[in-house]
Amino acid sequence: MAERTPWSLSSALRGMFAKKTIDDDTWDDLETALITADFGPDLTEAMVDDLRSKVERYRTTDPADLQRMLRETLEERLSKLDPTLKLSERPAIVLVVGVNGVGKTTTIGKFAKFLRTYDRTVIVGAADTFRAAAVEQLATWVERAGAQIVRPQQQGQDPASVAFQTVERAKTEGIEIVLIDTAGRLQTKGGLMDELSKIKRVVEKQAPISEVLLVLDATTGQNGLAQAEAFIEHAGVTGLVLTKLDGSAKGGFVLAVQEKTGIPIKLVGQGEGINDLTGFTPHVFAQQLIG
Ligand code: GDP
């Protein structure tokens with residue numbers, strides 16, 4: 001696992017913890033390291049203050065204690081929200097939303113595989129009906145995952161009708177989990193949000209929606225989050241999926257995004273392969289990031 005986490009522990013942090021004793025420079029170094037790892041200015045300040053008072057309270061000068069306290073603080077904050085996916089309905093319907101390019105198609109393929117590994121039956125609705133190439137790309141992933149797919153009958157078909165057909169098939173064939181891919185064209189934000197609302201309205205008449213997952217690219221950090229705000233405002237997002245954490249030195253974004261949105265991270269993408277998606281466990285993540 002260790003070799004797959006280049007996002008862990010920035011060199012700034014590593015240098016700091018390798019020192020013999022905590023001194024005045026430590027706090028500046030810690031601040032720089034947390035900013036570099038994309039914790040964001042507010043969270044960085046809060047964490048540095050918190051750790052500083054803990055170090056004073058425990059009267060320690062050992063950087064190893066600080067490292068442990070940082071890991072515990074991170075885990076504690078990450079654990080405030082519940083990362084469990086709610087998939088007990090039958091069928092469990094999951095809408096996947098996000099801006100183009102964040103890794104939405106890949107995530108759906110990986111998620112289908114992840115669920116197949118647990119012997120769940122899965123059907124995917126290709127409701128991003130304007131990008132023919134995207135439908136094909138999705139179909140390839142879904143096939144590799146051993147899941148089924150409902151494609152649009154023609155390019156530009158009403159996305160809500162594809163979603164409807166997917167849920168219908170799940171119900172008649174007893175398929176356990178429905179994943180619905182949706183469009184991510186930011187340039188038509190108003191239209192896109194209307195399209196998502198319509199999909200939700202239509203599907204909710206058939207069965208309750210279990211999860212609305214927003215896919216975010218961890219390498220774009222705070223900018224990516226600004227782009228995705230419309231989804232949070234309008235799409236009723238219940239969970240976040242962070243992709244591309246493998247190539248990112250921005251592990252701090254994980255905590256920043258959860259605190260800023262108040263929405264739990266439920267899945268994490270750590271590579272381009274079909275098996276590179278995992279559930280989110282605060283303890284494991286804190287351990288990987290801080291050491
Ligand atoms: P979409 O436009 O949101 O559907 O994005 P795609 O699923 O087509 O992915 C865009 C690019 O990101 C592709 O090159 C993927 O291989 C890559 N990608 C997706 N998820 C991950 C990940 O977790 N790690 C890495 N390194 N690359 C990823």
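Just so it is clear, the model here is predicted, and its values are computed rather than measured. Computed from heavy atoms alone, side chains included, the values below leave out hydrogens, waters and symmetry copies. One-based numbering, in listed order, for ligands and for the atoms of each.
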Ranked by distance from atom 4 (O) of ligand 1, the top protein heavy atom is Thr105 OG1, 2.5 Å
Decide, yes or no, whether a salt bridge links Arg131 with Glu136 under the criterion of side-chain N to carboxylate O below 4.0 Å. no
Residue, atom name and distance, where the atom is the protein heavy atom closest to atom 23 (O) of ligand 1: Lys244 N, 3.0 Å
Close N or O approach (Asp276, ligand 1; < 3.5 Å): no
Give yes or no for whether the N/O distance cutoff of 3.5 Å, strictly under, is met between Thr107 and ligand 1. no
Counting from 1 in the order shown, the ligand 1 atoms closer than 4.0 Å to a non-hydrogen atom of Gly269 are 23 (O)
Atom 24 (N) of ligand 1 - nearest protein heavy atom and its distance: Asp246 OD1, 2.8 Å
Begin from the C-alpha positions of Arg68 and Glu72 and carry the test salt bridge (charged side-chain N to carboxylate O under 4.0 Å, His left out) through to its verdict. CA-CA 6 Å; Arg68 181 179 45 76; Glu72 285 168 0; 3.6 Å; yes
Val102: numbered ligand 1 atoms lying under 4.0 Å from its heavy atoms: 3 (O)
Does a side-chain N-to-carboxylate-O contact under 4.0 Å join Glu211 and Lys86? no
Nearest heavy atoms of Ala147 and Ala112, plus distance in Å: CB-CB, 4.2 Å
Is the shortest side-chain N to carboxylate O distance from Asp29 to Lys19 below 4.0 Å? yes
Give a yes or no on whether a salt bridge exists between Lys198 and Asp158, defined as a side-chain N under 4.0 angstrom from a carboxylate O. yes
Heavy-atom proximity to atom 27 (N) of ligand 1 ranks first, among Glu272, Arg131, Lys104, for Glu272
How does Thr106 reach ligand 1, by side chain, by backbone, by both or by neither, if only non-hydrogen atoms under 4.0 Å count? both
Per atom 22 (C) of ligand 1, closest listed option by heavy atom (Gly98, Gly273, Gly271): Gly271
Write out the residue and atom name of the closest protein heavy atom to atom 8 (O) of ligand 1, then the distance separating them to 0.1 Å. Gln137 NE2, 3.2 Å
For Val135, the hydrophobic cluster (side chain heavy atoms closer than 4.5 Å, chained through members) also holds none
Charged N-O contact under 4.0 Å between Arg52 and Asp49: no
Do the side chains of Asp181 and Lys104 get close enough for a salt bridge, i.e. N-O under 4.0 angstrom? yes
If the cut-off is 4.0 Å to any non-hydrogen atom of Gly103, which atoms of ligand 1 fall inside it? 1 (P), 3 (O), 5 (O), 6 (P), 7 (O), 9 (O), 19 (C)
closest protein heavy atom to atom 20 (N) of ligand 1 is Lys110 NZ, 3.8 Å
Under 4.0 Å, heavy-atom basis, I'd like to know which part of Gln270 is in contact with ligand 1: side chain, backbone, both or neither. backbone
Among all protein heavy atoms, pick out the one at the shortest distance from atom 2 (O) of ligand 1; state its residue, atom name and that distance to 0.1 Å. Gly101 N, 2.7 Å
The salt bridge (charged side-chain N to carboxylate O under 4.0 Å, His left out) partners of Lys171 (sequence neighbours excluded) come to none
